[in-house]
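Below is one structure; the comments refer to it alone.
Side chains are part of it too, since the values below use all heavy atoms of this structure and drop only hydrogens, waters and symmetry mates. Each chain gets a letter, A, B and so on, in the order the sequences are listed, and its residues count up from 1.
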Amino acid sequence: MSYKIASWNVNSIKARLTHVQEFLNTNQIDFLFLQELKGESFPDISPDYHATYMGQKAYNGVAILSRQKDVRLISNKLNGDETDDQARYLEVEWNGIRLINIYLPNGNPLGTEKFDYKIKWMERLFIRLNELKNERVPFLIGGDFNVIPKDEDCYDPVLWRNDALYHPETVKQFRKVLNLGLTDAFRVFNQNAEEYSFWDYQAGAWPRNRGIRIDHFLTSPAITDRLISCQIDKTPRGWDSPSDHTPIILEISE
DNA sequence: ATGGTTGGAAGCCAA
């Protein structure tokens, strides 16, 4: 027995409703983390799934769909800044483990308050995950991290160095999180370059495979021990009117 | 080559 957990930035749940339904119908997904809902309310997707979500008007928004109804909301915001009202964080408890879905700030353009917000958000995330580590709570965190971990995770490292997604400060913060003892689950099973989860809508990025790997699952040690597989499913990116992201799917043993 | 495209908003912003 195993569980499949997927993460997908859908770039508007309203615009991608049928895609999400098709994805759920063709994969045996137990939990689906969604990002960029771009709306306050959440639509009826399937009678087979329970939705926990945190939305806002027009921007951001995260949801966790689950076959299991016994998920318990721990938090729908990231601690550390009472003035932060962006819907980017969802933490639930299920079966003794913590499931965390994030839509980490993009941070562009560099040199603006947006980049400061991203870095501070990552510092707050580190503090939260360090708490869970100290409490010995097994967890997995998935979502759109808006972070390119390494050169092999983008088509043009030199170009991306001048972007908030691969800026040295961004990568430093990401490594700090990893150094809590977390594992980039995808890299346990696949060391190939040119394995991407996002392709820009512009300039033929998808047909030319000019993409970046910014959607991740990170697992705490107890969950890492249970990893069965972690793959990027490129199929939905090839559908008509797709999201610019494609799902990443993680499988863990019971 | 500072463009190109998409979604939600409202008559631009974020990605």
Side-chain angles (χ1 to χ4, degrees), chain A residues 7-23 33-45 53-63 77-78 81 83-90 101-122 125 142-149 153-167 169-171 173-174 196-216 232 234-248:
Chain A
S7 174
W8 191 7
N9 178 324
V10 288
N11 186 19
S12 168
I13 187 61
K14 210 162 141 189
R16 229 64 64 194
L17 192 54
T18 59
H19 284 204
V20 173
Q21 288 166 334
E22 177 67 16
F23 177 71
F33 295 6
L34 297 168
Q35 303 88 33
E36 273 209 273
L37 304 177
K38 289 190 167 181
E40 209 137 24
S41 62
F42 194 82
D44 286 328
I45 287 189
Y53 64 94
M54 180 65 179
Q56 70 178 87
K57 196 175 171 183
Y59 304 113
N60 311 316
V62 284
K77 59 180 175 47
L78 181 59
D81 182 358
T83 67
D84 184 2
D85 56 3
Q86 299 191 28
R88 297 180 175 276
Y89 187 89
L90 209 47
N101 176 16
I102 64 164
Y103 176 43
L104 204 150
N106 178 295
N108 280 305
L110 292 175
T112 66
E113 69 289 341
K114 290 183 179 219
F115 187 67
D116 289 341
Y117 173 65
K118 176 177 196 163
I119 298 303
K120 287 192 171 71
W121 205 95
M122 295 182 84
L125 181 64
D144 178 358
F145 280 69
N146 272 312
V147 176
I148 298 165
D153 297 312
C154 63
Y155 64 87
D156 187 344
V158 175
L159 178 79
W160 284 99
R161 269 297 175 202
N162 296 313
D163 189 283
L165 276 60
Y166 198 41
H167 187 276
E169 185 62 25
T170 301
V171 175
Q173 292 296 331
F174 183 72
Y196 306 135
S197 66
F198 167 94
W199 298 259
D200 201 287
Y201 287 125
Q202 303 173 80
W206 166 248
R208 298 163 71 194
N209 197 31
R210 291 167 69 88
I212 53 180
R213 192 175 71 90
I214 56 174
D215 299 271
H216 310 296
I232 294 168
K234 288 164 76 168
T235 311
R237 186 60 179 82
W239 291 341
D240 287 341
S241 302
S243 167
D244 38 11
H245 296 250
T246 210
I248 173 172

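Residue contacts for A:Arg210: at a heavy-atom cut-off of 4.0 Å it reaches no nucleic acid atom on any strand shown. Using a 4.0 Å heavy-atom cutoff across all strands shown, A:Tyr103 reaches sugar-phosphate atoms only and no base atom.
For the residue pair A:Ser7/A:Gln35, the side-chain donor-acceptor check at 3.5 Å is satisfied. Residues A:Tyr89 and A:Asp84 have side chains that never bring a donor and an acceptor to within less than 3.5 angstrom of each other. Counted by atom type alone, A:Tyr196 and A:Asp153 present zero donor-acceptor pairs between their side chains at under 3.5 Å. In summary, the side chains of A:Asp215 and A:Ser197 do present a donor paired with an acceptor at a separation below 3.5 Å, with no hydrogens or angles considered.
Taking atom P on both nucleotides, B:dG4 is separated from B:dA9 by 25 Å, rounded to a whole Å. Distance check on atom P: B:dG7 versus B:dG3 gives 22 Å, rounded to whole Å. For the P atoms, the distance linking B:dA14 with B:dA10 amounts to 13 Å, nearest Å.
Taking the nucleotide of DNA chain B with the nearest heavy atom to each of A:Gln202 and A:Asp144, the more 5' of the two is matched to A:Gln202. In this structure, A:Asn146 and A:Ser241 both approach DNA chain B, and ranking their closest nucleotides by distance from the 5' end singles out A:Ser241.
Chain A approaches DNA chain B over the interval B:dG4 to B:dA15, counting the first and last nucleotide 5' to 3' with an atom under 4.0 Å from its heavy atoms.
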Residues 202-210 of chain A side chain polar contacts: donor-acceptor under 3.5 Å, at least two apart:
unit_1: A:Gln202; atom_1: NE2; unit_2: A:Asp200; atom_2: OD1; d: 3.2
unit_1: A:Arg208; atom_1: NH1; unit_2: A:Ala203; atom_2: O; d: 3.0
unit_1: A:Asn209; atom_1: OD1; unit_2: A:Trp199; atom_2: NE1; d: 2.9

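Between A:Phe33 and A:Trp8, the gap from one ring centroid to the other reaches at least 6.0 Å.
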